[in-house]
Each structure stands twice: as C-alpha cells, then as structure tokens.
Amino acid sequence: MALVLVGILAGIGWWKTGGQGRTRTDGGHVSGYQTEATKPYGWLRWLTTVDHRDIGIMYIVFGTVAALWGGMDAMMVRTELLTASETVWGNETYNALFTTHGITMIFFFVVPVFAGIANYFLPILIDADDMAFPRVNAIAFWLLPPALVLVRAGLITELIAKILAPVLGSLLDPLLAVRPPTTSWTMYTPLSIAQVNPEVDLMLLGLHLSGIGTTLGAINIIVTIITERGDGIDWATLDIFSWTMLTQSGLIIFAFPLLGSALIMLLMDRNFGTTFFTLDGGGPILWQHLFWFWGHPEVYILFLPATGLTSLILPKFAGRKLFGFKFIVYSTLAIGVLSFGVWAHHMFTTGVDPRIRASFMAVTIAIAIPSAVKTFNWMTTMWQGAIKLTAPMILVIGGVGTFIIGGVTGVFLASIPVDMAFQGTYYVVGHFHFIIMGIIAMAMVAASYYWYPILTRRMYDQRLARVQSVLLIIGVTVTFTTMLVLGYFGLPRRYAEYPQQFELLQQITTLGAYLIMLSVGMWLVNLVQSMRTGPIVMDADVWGLKETDQFTREWQWFERTLDEDRRID
C-alpha cells in the first residue's frame, strides 16, 4: 500500500516538473528561520519530505485510495442486497465486507483527508512557514499506510494465497488462516473476543497504530495554530476552517487515547486471558461504554471540518461575508464540549438505568442547537446573495440539505421511545450516512474543486463538475432516504438475507449507490485528466473573489506564487 501511494505521488511530482528532475526548497524550519536545504526529486522526495504541502498531498492521496477501497466494499454489499436471498457472496464474506467498509471509511478516509487539507492550507491561512513539528508531521502520516495494511491484511493474504496456491500448495495454509474480520466495525464483545481469526489481532494493532498517528497530527495542528500564527492574525481574525480544525484536534486528543487503551485491553482479553470485557470481569457492556465514549466524539471529529469547509466556501459563491461568524465559532466549541456527553444514546437498548438514559437524551437533543445555529447562519448567508452555481457551491448547498435530513433524523433517534423502535434497523444507517456521505463527502469534493487551481495550477472541466455534483446529491438522497423508509418498516441492518417484501426498496437503495459510484468515477476522471490537459491558470482570481472582497490568504499566497514563477521563467 505504501509503495503504491509513493508511486502515485512520484508520478504526480514527475508530471508537475514536466518530467525534468529539479530540487525544491524544504518547507521545514528550525528555530524560527527557513532552512536552505533542498530535497531530492522522485521517490526519495516523498519518502523523506517534511514540507507541509507535500505531506498534505500524501494525506489526501492516501485518503482517496482508502475511500475507493472502502467504497468497493460498499458496492459489493449493495450488490448482494439486490436480492432477498444469499446469491452473490456468502454470509461470512458479507459480514467481512461491511466490517472493513466501516473501519476503512472512518479511520482511513475521512480523518486523513481532512488532515491533508489542514496540512496543506492551514499554515497558509494563518501565515505560518510550516507546521510546528514538521518531522512529527511526517511520522504521523507514515504510521497510516502500515495501519491500513494491518486492518485489511485478511483480504491481502487471501489474494496472495489463492494466486500462489497452484505453486506452493499447503505451504500457504498460514496465509489462508488470516481471514478478513467479521466483527463489525464496532467490534462488540464477546464476539470480538471469541473469534479465533488472527486477523482480528492484526486489525486491533492497525487501529491502535492509526490512533497514534491521528493523535500526533492533532497535537501538531493545535500547537501550530496557537504558536505559529502570523503577526496580523489573532483569535478574532482566525479563519473559520482553522477554528474547526482546532476544535476537532482537541476532540482527538481526548477521544483517541481512550480508544487506544480499550483496543489494548481487548487484545489482552483475546491473547493473555485477562477479563476486562468478559462476564467474570468488567463485562461486555464496558466495551460499549469505552467504544462509544470515543465513537460519538468521533462523529464530530468527522463532521466539524466539513462545517468549516462549508462556512469557508459557501460565502465565496454567495457574494456575501459569512453571517454570524462569532456564533458559528461558539457553536463549534459548544459541539466539541457537548460531544463527550452523548455517548450512551447508542446504548438505550442495553438496559441502562432510565434516569441515565433521560440525561443522555437531554444532552443529545441539546447538541442539535449549535448544529442548527450553523444551518441557519448558512441559510442567512445565502439570503439575497449573488449566488454563483459553480460545482463547489452546488455541493455545499447539497451538503447543507443532506445535513438537515441527517440532523433531524438524529433528533428523532435521541428520543428514547423512537430509538428503542429503530435501534438496529436501516433507519440508523440512513441517518448516519446522510452525514458521512452528505455534508462530509460533499464538503470534501467541494474543497477539491474550489482549491484545485492552487493544488495543480490547472482548471478542470466545470460543466462535467456541475453534472457530477448534481448526480452525487441525487445518489445520496435516493440511497439513504430509502434506507430511512426501510428502517421505518423495521428491517434489521447487517444481514445478507431479508424478507422478500423489502426487495424492491433494497434495489432502489442499490440503484442510488450505483449513482454515487458513477459520480465518484466522474469526479476522479475529471480531476486526473485535468491535471494533464486542463487549462493552465494564469490569474489567481479564478473565482472572481476580489470583487466581493473575499480574496483570502490562500489565494493571495497563490497570486504571489504565480508572480514569482513568472519572474523566474
């Protein structure tokens, strides 16, 4: 995986230099001054770089590869669900697919992509030379590829064994013993303890490794924002994306170490006979408490950067400054604090004391208030604005709409009686994915379109981008609205087989998923092809931001860079 990643990056580097090797100034700095060291070209450059922009690109490429891999799992799941009976994959394969899909998308897609965007643009937005700890920054990234390999080792070893079986025969039995995990992404005990599959141990080690890298990255972001801001940037003038990344990083520091501890305890229960999560010890419910104490802040670790990108991009194409900037900042901080008080709403059906359930219901409903503040501020920003329906704007508007659906269905699930009825059904899957594939994925794609000229110095096919954006919104709406209906009718999730009367709705859901897949393919082809043949950007004001006085720091930096390159040429 790491070699594939470096190969892609080396190819990008070769293309950007026109096939000619050249050295580039190192982005790292020591004791407050810029180094004059140069970094090598090609593979060695990507393996040794500490430049924040290079590391940002590596994060984004890695996250995209992980997303395509995890998305392939989802398409295989949806293909199985086209029919009510088991027809394509076996039950064990189906269970493995939705296990690896969930883990891959949460740990290796969303968080790394947002970390990459932050690495590339955050120092530019706050007028810093680089991240505070450039080498720690590189270490944090390079922990992720081996972590992904460990998590998905069961599939890798299975493929290797089947390819080499005609030659090596029984010598490959140890590889075949490492099968894809079937614990579900929540890894509930006692199932995750009882399974003898050694891949479960590798998966736990990989998740622990990824947590270490994520925590290191969060520490770096916090220190960078606090200590590396330029002279003209104080807390009042800090941009909204930096505020959301600061809050997200704070959540990571409190949440991920606890998950890491729980993973180690689970490993010890599996291998050393400890009783942290067994009936004669802490009990299976203890795992759920520890997991969800990480798991629900994790929802906002995924969500908050998307709100930052939405708040940053939406005003640019509405022709107005962001309405209620301070209130959006306060709502971000409020979500960060409240997110640690809602974890047990995932456990309403586990026999939790009714008084405790009521308190978690109250906090879960309360956290909807700062989320609503953001939504109404976005809507007010667009009110009577000069809206330009570019691809980034279409996506952020679509993200706001899908977030409203996902948020409102979340408020329903906060109600104990409703949750008791819908817990374990497709209603929960639809609610959650309206956030993940709604505002989160749409904000990412919008950012890729919005900042594409800075990243590549070329422009993409804007008509194709608008078509892709609309198709993505349609696909998400069809897929997950139908899941809400399935859940409303009581269909349980996580089963490869289901009653015949739900087959039509499942087929509609799968059709929507195929539309999402088609839109992702269009996005990928557009951006990759445009890197080769897209129009070269000569004017940094590609979006006409100067006329609305929103030509922000990253575009000012891009303009200076273009001017410097012209002088050099």
Side-chain angles (χ1 to χ4, degrees), residues 1-12 15 46 56-80 89 93-94 96-117 141 144-156 158-159 180-181 185 203 206 210 302 306 395 433 436-438 440-449 452 455-456 460 464-465 468-469 471-473 475-476 479-480 510 512-532:
M1 184 68 191
L3 292 178
V4 172
L5 173 64
V6 174
I8 293 172
L9 294 169
I12 293 173
W15 165 79
W46 295 103
I57 291 172
M58 289 195 295
Y59 265 117
I60 293 170
V61 171
F62 172 82
T64 302
V65 171
L68 295 175
W69 201 354
M72 190 189 312
D73 295 338
M75 292 303 104
M76 293 172 71
V77 166
R78 292 312 318 173
T79 301
E80 169 60 48
W89 325 115
T93 300
Y94 178 88
L97 286 169
F98 77 72
T99 297
T100 52
H101 165 69
I103 290 175
T104 301
M105 300 305 257
I106 289 174
F107 286 89
F108 300 105
F109 162 43
V110 179
V111 175
V113 168
F114 282 138
I117 295 172
F141 167 76
L144 292 180
L148 180 59
V149 170
L150 285 171
V151 167
R152 306 214 49 148
L155 175 63
I156 297 170
E158 187 176 36
L159 288 174
W185 75 276
M203 177 182 72
S210 74
L302 307 179
L395 285 162
H433 281 79
I436 293 292
M437 283 305 299
I440 292 175
M442 290 179 190
M444 287 179 177
V445 179
S448 72
Y449 285 141
Y452 189 81
L455 292 167
T456 66
Y460 50 87
L464 179 60
Q468 181 271 326
S469 302
L471 186 62
L472 178 60
I473 294 168
V476 168
T479 303
F480 304 116
T510 299
Y514 288 164
L515 291 178
I516 295 174
M517 179 178 66
L518 176 61
S519 73
V520 171
M522 292 168 61
W523 168 79
L524 194 62
V525 169
N526 190 3
L527 297 196
V528 172
Q529 179 67 10
S530 297
M531 287 177 62
R532 297 176 55 251

Any donor-acceptor pair under 3.5 Å from S448 side chain to V445 backbone: yes

Interatomic spacing from OG1 in T79 to OH in Y94 - rounded to 0.5 Å: 11.0 Å

Spacing of CE belonging to M75 relative to OH belonging to Y514, to within rounding of 0.5 Å: 7.5 Å

Distance, nearest 0.5 Å, that separates CG of L97 from CZ of R78: 12.5 Å

Atom pair OH/CG of Y59 and L144 - distance to nearest 0.5 Å: 5.5 Å

Those residues that, when tested against I473, pass side-chain contact (heavy atoms from CB on, under 4.5 Å) (two or more places apart): I394, M442, T477

Selection residues 144-156 - residue pairs positive for salt bridge (Lys or Arg N to Asp or Glu O under 4.0 Å), sequence neighbours left out: D73-R152

Validation row: V151, T100 side chains within 4.5 angstrom (heavy atoms): no

Under 3.5 Å donor-acceptor, T479 side chain and V476 backbone: no

Step-by-step side chain to side chain contact (heavy atoms under 4.5 Å, CB included) determination, L148 to F62: CA-CA 10 Å; L148 180 59; F62 172 82; 3.9 Å; yes

Straight-line distance of F98 CZ to T93 OG1, nearest 0.5 Å: 12.0 Å

Closest non-hydrogen atom pair between W185 and I103, with its separation: CB-CG1, 3.6 Å

Flag side-chain contact, heavy atom, 4.5 Å: M522 against L471: yes

Evaluation steps, side chain to side chain contact (heavy atoms under 4.5 Å, CB included), between W523 and Y449: CA-CA 9 Å; W523 168 79; Y449 285 141; 3.5 Å; yes

Intermediate values then yes/no, side chain to side chain contact (heavy atoms under 4.5 Å, CB included), M105 and I436: CA-CA 9 Å; M105 300 305 257; I436 293 292; 5.8 Å; no

Closest approach of F480 to M437 (non-hydrogen atoms, all atoms of both residues): CE1-CB, 3.7 Å

Geometric class of the H101/H433 ring pair [parallel <30°, tilted 30-60°, perpendicular >60°]: parallel

Check: L524 and L68 side chains under 4.5 Å, non-hydrogen atoms: yes

Polar side-chain atom of E80 near backbone of W89 as donor-acceptor pair, under 3.5 Å: yes

Test log, rule side chain to side chain contact (heavy atoms under 4.5 Å, CB included), inputs F114 and I440: CA-CA 10 Å; F114 282 138; I440 292 175; 4.0 Å; yes

Exercise: identify the closest heavy-atom pair between A67 and F109: CB-CD1, 3.3 Å

Separation between CE of M444 and CD1 of I117, rounded to the nearest 0.5 Å: 6.5 Å

Minimal non-hydrogen separation, V113 against T64, with atom names: CG2-N, 4.3 Å

Listed partners of A446 passing side-chain contact (heavy atoms from CB on, under 4.5 Å), at least two apart: I313, P392, L395, V396

Closest contact, heavy atoms only, V111 versus I106: CG2-O, 3.8 Å

Heavy-atom pair with the smallest gap, counting every atom of P112 and G63: CB-CA, 4.4 Å

